[in-house]
Each structure stands twice: as structure tokens, then as C-alpha cells.
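To start, the structure under review is shown below, and the notes come after it.
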Amino acid sequence: MSKTAFAADMKALDLLNLEGAVRALEQQGIDEFHFDVADGRFVEVFGFAPAAIAAVKAVSAIPCHAHLLVAQPERVLTAVLASGADTVTLHLEKCVHIHRALSQIRDAGRQAGIAVLPATPLTKVNYLFPQIDRLLLLGADPVRRRGGLPRAAWERIRLLHENIRYHEYAVALEAEGAESAEDAARCIRFGASRVVVGPGAADGLADPERHAALREFVERVSAAVHTV
């Protein structure tokens, strides 16, 4: 398996011991912290505020990724950039002036990304590739995830990977929604270079007492890539 970046879904952490969880992930070699910033409108749950990102940036050098599950993300973009987030990803479905917003992110010296929901036609992404650094593909409903990723998710990853490779775009393809090592392995096999490790996918990932949880998960993923 070629080098794959793994990001920790911060919803999986013990928020009463956030710094301890962050330190545990640092020691295990996590590549990125993934924050879902949600306003209760685009999806019916609330996520992290920009202040949470700023708090983690104050104690860790690990890159932070802000995934904006927000209606009209332009409204919160200035605050998210001020938090120090290294990558900011906007949902294609909810950003009216997406070219302007992506330019604002890049002008601030950050990496810009777009995210697409499972039912969004992939053709809508094509004209944005030259302006982004990352494409975040949600393989399942971001709120109601059950039973692993559906078969259609693998085909969407494959199609996007082939498009990126054919046009030689400098865009990282990231998959979110994996609920097991097998899910993560399929994402990688079909072309994802980054995987968000969510709640339940890697038990004990942020447990200060489980020093090898990430390594064990990566080993299971590496083995499954050849069998799934």
C-alpha cells in the first residue's frame, strides 16, 4: 500500500479530555485532525465551532482540516480562517459564490477543498479542479451512517481518481464515511490518498492508554487492501 494519510474525525474524541486525546493521536503519528463544522441547518446536527480548531492549533502542530457542513459557508469563512485551520473544505451544494470563497481560502495561504454528498453528480466538480487542493468525497449520509459504505461509493472514488490522474491535477482525493478497516481499504484501493477515520472504525484511537491503536488499524487496512 502506498503512503496514505489518515485523519482523525474529532467527533470520536473525548471532549472532556481534548488535549489528552490530541497528545495520544500525536504520539501515534496521525496525519491530520478533521473537524466537522456544522450549523444545524445544512445537516441537523451541530459540529465544532472555529474556537475548537483554534484551541487544538494552540497545543499541536498537526494540521487541522475544517469541513464546513454549513448553509452559506461564506458567512463563517472569515472566522474559520482566523482559527488557523490549514485546510478549509466547502460543500459544493451550499456555496453560491464558490469560486470567490475558494479564492479567499487560497489568498489566506491555506489549502482549499470542496466536498460532495453521495447523491451529487460528479460532473459538477469538473470545472473546480484547477482551483482546489483537495476533494472530499462523502461515501454515506454524514449523519445517519449504518452498515458501512455502499457499493456506489467505490465507483465514485474510482471515477474521480481516474479523472484527477488523467488531467494531472494536483488534487488529493479524500474519503469520509469509512466505518471499518475494510471500508478504508476499499477507499484506498479505488484511489483515495487520504481517509478520515471516524467513530467505530478504529477503537481506542484517541485513548491515551492505547498507544498502538492507529498502527494496528493501519496494519488491518494494509492487509485488507489486497483482499477486499
Practice prompt. Write out all pairs satisfying salt bridge (charged side-chain N to carboxylate O under 4.0 Å, His left out) with one or both partners inside residues 88-103, taking only residues at least two apart or from two chains.
Written response: none
Discussion item. Are Val56 and Glu19 packed together at the side-chain level, in the sense that at least one heavy-atom pair is separated by less than 4.5 angstrom?
Written reply: no
Item to complete: Apply ring pair (Phe, Tyr, Trp, His ring centres under 6.0 Å) to His97 and list each qualifying residue two or more places apart in sequence or on a separate chain.
Response: none
Worksheet item: Taking only residues two or more places apart in sequence or in another chain, which ones pass side chain to side chain donor-acceptor pair (under 3.5 Å) with Gln131?
Response: Ser103
Item to complete: Could you list the residues that satisfy side chain to side chain donor-acceptor pair (under 3.5 Å) with Asn17, not counting sequence neighbours?
Response: none
Practice prompt. Kindly work out whether a path of hydrophobic side-chain contacts (I/L/V/M/F/W/Y, heavy atoms less than 4.5 Å apart) joins Phe46 to Leu138.
Written response: no
Practice prompt. Could you state whether Tyr127 and Leu135 fall into the same hydrophobic cluster, counting links through intermediate Ile, Leu, Val, Met, Phe, Trp or Tyr residues with side-chain heavy atoms under 4.5 angstrom apart?
Written response: yes
Item to complete: Using the test ring pair (Phe, Tyr, Trp, His ring centres under 6.0 Å), find all partners of His34 that sit at least two apart in sequence or belong to another chain.
Response: His65, His67
Worksheet entry | salt bridge (charged side-chain N to carboxylate O under 4.0 Å, His left out) partners of Arg220, counting only residues at least two apart | none
Can I get a per-line list of side-chain donor-acceptor pairs under 3.5 Å for residues 110-117, giving both atom names and the distance, sequence neighbours left out?
from, atom 1, to, atom 2, distance (Å)
Arg110, NE, Ala108, O, 3.3
Arg110, NH1, Leu81, O, 2.9
Arg110, NH1, Ala85, O, 3.0
Arg110, NH2, Leu81, O, 3.1

Worksheet item: Who pairs with Phe33 by ring pair (Phe, Tyr, Trp, His ring centres under 6.0 Å), at least two apart in sequence or on another chain?
Response: none
Fill in: Nearest atoms (heavy-atom pairs only) where Ser180 meets Asp183
OG-N, 3.1 Å
Donor-acceptor pairs are to be reported for all side-chain atoms of residues 163-172 against protein atoms at under 3.5 Å, with residues two or more places apart or in another chain.
from, atom 1, to, atom 2, distance (Å)
Asn163, OD1, His167, NE2, 3.3
Asn163, ND2, Asn126, OD1, 2.9

Worksheet item: Pairs in or reaching into residues 61-83: which pass salt bridge (charged side-chain N to carboxylate O under 4.0 Å, His left out), with residues at least two apart or in two chains?
Response: Asp39-Arg75
Response to the item:
Sequence neighbours excluded, the answer for salt bridge (charged side-chain N to carboxylate O under 4.0 Å, His left out) partners of Glu32 is Arg134, Arg194
Item to complete: Under the side chain to side chain donor-acceptor pair (under 3.5 Å) rule, collect the residues that match up with Glu26, sequence neighbours excluded.
Response: Arg23, Ser60
Item to complete: Would you please classify the geometry between the Phe48 ring and the Phe35 ring as parallel, tilted or perpendicular, with 30° and 60° separating the classes?
Response: perpendicular
Discussion item. side-chain contact (heavy atoms from CB on, under 4.5 Å) for Leu77 and Gln104? Distances and angles first, verdict last.
Written reply: CA-CA 9 Å; Leu77 192 50; Gln104 183 179 349; 3.5 Å; yes
